[in-house]
Undergrad: 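Before I ask anything, here is the structure I am working with.
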Number of protein chains: 2
Amino acid sequence: MSDDPENPGRTTYRHGDLRGALIAAGVEMAREGGPRAVVLREATRRAGVSPNAAYRHFADRAALLHAVSDTCLGFAADRIQQALDEHPPTGDAEADARMALRAVGLGYIAFAREEPGLFRTAFSVPDDLRQAMSPAKAGRNGLTPFQLVGGALDALVAAGVIPPERRENAEFLAWAAVHGLGMLVIDGPLRGLDDRMIDYSTDRLLDMVDRGL
Amino acid sequence: MSDDPENPGRTTYRHGDLRGALIAAGVEMAREGGPRAVVLREATRRAGVSPNAAYRHFADRAALLHAVSDTCLGFAADRIQQALDEHPPTGDAEADARMALRAVGLGYIAFAREEPGLFRTAFSVPDDLRQAMSPAKAGRNGLTPFQLVGGALDALVAAGVIPPERRENAEFLAWAAVHGLGMLVIDGPLRGLDDRMIDYSTDRLLDMVDRGL
DNA sequence: TTCTCGATGTGTACACTGCCCACAACAGCG
DNA sequence: CGCTGTTGTGGGCAGTGTACACATCGAGAA
């Protein structure tokens, strides 16, 4: 029995929302230590439940990690949406479309920098195109990061900035650039560079995408 | 230095090159299962040695993984060099410089696709700028992947393709794009796409870098 | 109302991991 | 020859994932 004041020991035999509690605990561990820190037994401990109870809701540790990863992708979507909200449209369709794609990138990088553990966890699980738009990976706005990038690109086509024949699969190019920068910043050679330097590199990378798409 | 690779039971008390054998075993495990599959005890088992012997050569599992990761980066450098060799200079300095940067990207992506486990392992260990050029991460040509990208960019500046003021930190932009694509291909939404599709995306990404740098 | 049953949580157990400690064997030195 | 520091061994501990049998209980059937 845990006498944790924040997590009162339950009185009922049933937990109520053990699945959700395990995911929440997993997210908390992922926040501090990345995907490797998501430990099944520790999650059950935090939920005040015996280790094997987890197996009523997840086939194995990988399944739990997958659910945690999806949740993290939703958080990424939220952060991207926040960046979009910070750059409201001005009325100039072309400039707005450009700025929206930029905002998606800025939100993505911001998420990587603010929550490196969650960022790593979000992308620690193999994924494929079919599942990239699964609602489980969506944020509060109901969209996944992948769909947010796609939306920004559609707007660029609608505004005439990108010719339609370049639209196809452009998600992958934009995403690759931004995702790569995110990795380099939290785990790669850019780690520990001062903030201004990273801001500058982010700007230049987004310039490159803007020019090169 | 590297004889008797398949010696089940050694006769001498000393192993001879246990450190190297452990790294080699680690690389083999990484090849099949990525960084998570690099397990210390299994490495000692494959080296025909007791578990604790590893601690005479590595402080802990993280240290072994780090050494394996460095080795993998060297393999990446080798694959990039191979791609460079496959596109020999034609005499046109400008076209050659462009092609060299392209070849670096192609080699990088080829490595990710051919050896996903080693690729993941190479970048599973936190790193910073100071260590990006450590000789431990170099390939047979003595250069690290980071240095190979840098060289290609220097050639682009020398050929007048890139203005010098855009040279600084351009490594990060080119690297981010290619690295991101590599991750998307082996772990992300592009996983399982057919080869032609990936080739096409790679081409378009390198176009973007070429245009956008 | 009572009974049953499927869903959910518990207890025990096993194989495996990383890592700590004390000890054993040996190569290279005087 | 003996000493000594390096390298490998053996036993042990805490912690992990997970398989199996069992306990508890909520809800629908009788």
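As a basis for the values below, the full set of heavy atoms in this structure was taken, side chains included, without hydrogen atoms, waters or symmetry mates. Proteins get letters first, then strands, A, B, ... in listed order; numbering begins at 1 in each. The shown structure was predicted, so the numbers you read here are calculated from the model rather than taken from an experiment.
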Undergrad: A side-chain contact here means heavy atoms from C-beta on lying under 4.5 Å apart; do Leu118(A) and Phe111(A) qualify?
TA: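 Yes; the side chains approach each other to less than 4.5 Å.
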
Undergrad: Does a side-chain heavy-atom distance below 4.5 Å link Leu184(B) with Pro189(B)?
TA: yes

Undergrad: With a 4.5 Å cut-off on side-chain heavy atoms, are Leu73(A) and Thr144(A) touching?
TA: no

Undergrad: In residues 18-29 of chain B, which ones come under 4.0 Å of DNA chain C, going by heavy atoms?
TA: none

Undergrad: Can you list, in residue-number order, the parts of residues 60-67 of chain A that come under 4.0 Å of DNA chain D, counting heavy atoms only?
TA: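 Only Asp60(A), Arg61(A) qualify.
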
Undergrad: Taking only heavy atoms on the protein side, list every residue of residues 50-59 of chain B lying under 4.0 Å from any atom of DNA chain D, sorted numerically.
TA: Ser50(B), Asn52(B), Ala53(B), Arg56(B), His57(B)

Undergrad: Which is the 5'-most and which the 3'-most nucleotide of DNA chain D that has an atom under 4.0 Å from a heavy atom of chain A?
TA: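 Span of nucleotides near chain A: dT16(D) to dC25(D).
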
Undergrad: So what does Arg45(B) touch, heavy atoms closer than 4.0 Å: a base, only the sugar-phosphate, or nothing?
TA: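 Answer is sugar-phosphate: Arg45(B) comes under 4.0 Å of backbone atoms only.
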
Undergrad: Indicate every side-chain donor-acceptor pair of residues 119-129 of chain B with a distance under 3.5 Å to a residue at least two apart or in another chain.
TA:
{"from": "Arg120(B)", "atom 1": "NH1", "to": "Asp187(B)", "atom 2": "OD1", "distance (Å)": "2.8"}
{"from": "Arg120(B)", "atom 1": "NH1", "to": "Asp187(B)", "atom 2": "OD2", "distance (Å)": "3.3"}
{"from": "Thr121(B)", "atom 1": "OG1", "to": "Gly117(B)", "atom 2": "O", "distance (Å)": "2.7"}
{"from": "Ser124(B)", "atom 1": "OG", "to": "Thr121(B)", "atom 2": "O", "distance (Å)": "2.9"}
{"from": "Asp128(B)", "atom 1": "OD1", "to": "Arg130(B)", "atom 2": "N", "distance (Å)": "3.2"}
{"from": "Asp128(B)", "atom 1": "OD1", "to": "Gln131(B)", "atom 2": "N", "distance (Å)": "3.3"}

Undergrad: Can you pull out every side-chain hydrogen bond (donor to acceptor under 3.5 Å, both in side chains) where at least one residue sits in residues 48-66 of chain B? Sequence neighbours excluded, please.
TA: none

Undergrad: Residues two or more places apart in sequence or in another chain: which of them pass salt bridge (charged side-chain N to carboxylate O under 4.0 Å, His left out) with Arg167(A)?
TA: Asp154(A), Glu171(A)

Undergrad: Just to verify, what does Gln81(A) make a side chain to side chain donor-acceptor pair (under 3.5 Å) with, not counting sequence neighbours?
TA: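 Counting only residues at least two positions away or on another chain, Gln81(A) forms a side chain to side chain donor-acceptor pair (under 3.5 Å) with Asp85(A), Asn141(A).
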
Undergrad: Which distance, rounded to the nearest 0.5 Å, do you find between the CD1 of Ile162(B) and the CG of Leu213(B)?
TA: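 Answer for the CD1-CG pair, Ile162(B) versus Leu213(B), is 4.5 Å.
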
Undergrad: Kindly write out the residues that satisfy salt bridge (charged side-chain N to carboxylate O under 4.0 Å, His left out) with Arg191(B), not counting sequence neighbours, or none if the list is empty.
TA: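 Once residues adjacent in sequence are excluded, Arg191(B) has no partner under the salt bridge (charged side-chain N to carboxylate O under 4.0 Å, His left out) criterion.
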
Undergrad: What side-chain hydrogen bond (donor to acceptor under 3.5 Å, both in side chains) pairs are there with at least one residue in residues 197-213 of chain A, not counting sequence neighbours?
TA: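 Only Arg98(A)-Asp210(A), Arg102(A)-Asp207(A), Arg113(A)-Asp199(A) qualify under side-chain hydrogen bond (donor to acceptor under 3.5 Å, both in side chains).
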
Undergrad: Can you give the donor-acceptor pairs under 3.5 Å from side chains of residues 172-182 of chain A to other protein atoms, not counting sequence neighbours?
TA:
{"from": "Trp175(A)", "atom 1": "NE1", "to": "Tyr108(A)", "atom 2": "OH", "distance (Å)": "2.9"}
{"from": "His179(A)", "atom 1": "ND1", "to": "Tyr108(A)", "atom 2": "OH", "distance (Å)": "2.8"}

Undergrad: I'd like to check Glu115(B) versus Phe75(B) (side-chain heavy atoms, cut-off strictly below 4.5 Å). Are they in contact?
TA: no

Undergrad: Could you work out, with salt bridge (charged side-chain N to carboxylate O under 4.0 Å, His left out) as the rule, every residue matching Glu42(B), not counting sequence neighbours?
TA: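 If we apply the salt bridge (charged side-chain N to carboxylate O under 4.0 Å, His left out) test to Glu42(B), skipping adjacent residues, the hits are Arg45(B), Arg46(B).
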
Undergrad: By nearest nucleotide on DNA chain D, pick out whichever of Val49(B) and Glu42(A) is the more 5' one.
TA: Val49(B)

